[in-house]
Amino acid sequence: MNSLSTFLSRQPRSSLAAAAVLVLGLSACGGGSSNDSADTPTSDPSAVAGTCNLLNFQQELMTRINALRAAGADCGTSGVFPATTAMTWNAQLTQAADGHAKDMAAKNYFSHTSQDGRTMSDRVNATGYAWSSLGENIAAGQPTVESVMDSWRNSPGHCANLMSASYTNVGVSCQLATAQGATYSKYWVMNLGKPR
């Protein structure tokens with residue numbers, strides 16, 4: 001199993017966090033929206049999310065995410081986070097997450113950067129979500145919502161993304177591998193954001 005996390009913000013880029021144990025994460029501040037991307041938003045973004053055929057997918061994710069945020073968390077080397085506000089599900093962030101999860105599942109790779117060079121912010125901008133803070137956790141191989149949340153919770157960078165008060169919205173997708181000889185059976189993408 002693998003995972004990564006990323007964070008972007010409209011603040012100095014010194015807040016860039018990365019973790020690579022069982023997940024990958026990325027964060028950033030200061031983004032926006034753009035219409036130039038290979039991803040074309042559908043007319044109903046809420047209908048595109050992959051769930052890996054897991055029952056109560058969105059409900060279970062929101063319950064686990066918001067329970068963690070309500071309790072506060074020790075995210076190891078990323079710091080101790082006090083309790084913070086609950087997040088809400090966002091169809092545009094889910095659409096961006098779904099597109100990236102599908103791409104990784106179809107092309108058998110694991111990265112925050114799409115093979116065509118698009119970044120997390122490129123994918124989210126393509127949905128029209130105008131953001132002030134943006135983050136991404138990815139994971140691969142975890143069979144259930146519980147296991148992927150445990151992986152992210154136990155990785156300092158991913159945990160920090162989950163606990164950041166800079167985020168108010170979240171969208172998650174899980175896609176079953178479609179590439180022949182895929183390294184992982186499932187690919188997970190979580191996008192976190194705060195609108196402008």
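Computed from a predicted structure; not experimentally measured.
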Donor-acceptor contact below 3.5 Å, side chain K194 vs main chain S133: no

Distance-minimising heavy-atom pair for T84 and M163: CG2-O, 3.6 Å

Any sub-3.5 Å donor-acceptor pair from D122's side-chain atoms to T119's backbone N or O? yes

Between T63 and Q59, is there a donor-acceptor pair closer than 3.5 Å when you use the side chain of the first and the backbone of the second? yes

Contact summary for P195 and T168, nearest pair of heavy atoms: CD-OG1, 3.5 Å

How are the rings of W188 and W152 set to each other: parallel, tilted or perpendicular (split at 30° and 60°)? perpendicular

Would you say the side chains of D150 and S147 form a donor-acceptor pair under 3.5 Å? no

For the residue pair Q142 and K186, establish whether any side-chain heavy-atom pair is separated by less than 4.5 Å. no

Under 4.5 Å between side-chain heavy atoms, counting indirect links through other Ile/Leu/Val/Met/Phe/Trp/Tyr residues: same cluster for L162 and M62 or not? yes

Count I, L, V, M, F, W, Y as connected when their side-chain heavy atoms are under 4.5 Å apart, and connections chain through other members. Are I65 and F57 then in the same cluster? yes

Measure the CG-SG distance between N53 and C174 for me, rounded to the nearest 0.5 Å. 9.0 Å

Minimum heavy-atom distance I138-H158, with the two atoms named: O-NE2, 4.2 Å

So, the side chain of T127 versus the backbone of V124: is there a donor-acceptor pair under 3.5 Å, distance only? yes

For a 4.5 angstrom cut-off between non-hydrogen side-chain atoms, does E136 reach L192? no

Are S121 and L134 side-chain neighbours, meaning at least one heavy-atom pair lies under 4.5 Å? yes

Taking the side chain as every heavy atom from C-beta outward, state whether V145 and L54 have any atom pair closer than 4.5 Å. yes

Under 3.5 Å, is there a donor on one side chain and an acceptor on the other for N169 and Y129? yes

Report yes if some heavy atom in the side chain of L61 is under 4.5 Å from a heavy atom in the side chain of M149; otherwise report no. yes

Minimum heavy-atom separation for A179 to A106, with atom names? CB-O, 3.3 Å

Group every Ile, Leu, Val, Met, Phe, Trp and Tyr by side-chain heavy-atom contacts under 4.5 Å, then state whether W89 and M87 land in the same group. yes

Smallest separation among heavy atoms of A86 and N66, with atom names: CA-OD1, 3.2 Å

Return yes if some donor-acceptor pair links the side-chain N/O of R69 with the main-chain N/O of S164 below 3.5 Å, else return no. yes

Steps toward side-chain hydrogen bond (donor to acceptor under 3.5 Å, both in side chains) verdict (Q115, D103): CA-CA 9 Å; Q115 287 190 328; D103 196 53; over 6 Å; no

Enter the distance from Y187:OH to F110:CZ here, rounded to the nearest 0.5 Å. 8.5 Å

Please report the closest heavy-atom contact between Y109 and S114, naming both atoms and the distance. OH-CA, 3.4 Å

Reported SG-to-CG distance for the pair C159 and N154, which is rounded to 0.5 angstrom: 8.0 Å

Are the side chains of N191 and V170 in touch, meaning some heavy atoms are under 4.5 Å apart? no

Measuring from T178:OG1 to M104:CE, what's the distance to the nearest 0.5 Å? 11.5 Å

Donor-acceptor pair, side chain of H100 and main chain of S111, under 3.5 angstrom: yes

Can you check whether L93's main-chain N or O pairs, donor with acceptor, with Q95's side chain at less than 3.5 Å? no

Are the side chains of F81 and L68 in contact, using a 4.5 Å heavy-atom criterion? no

R123 (side chain) donor-acceptor with R118 (main chain) under 3.5 angstrom: yes

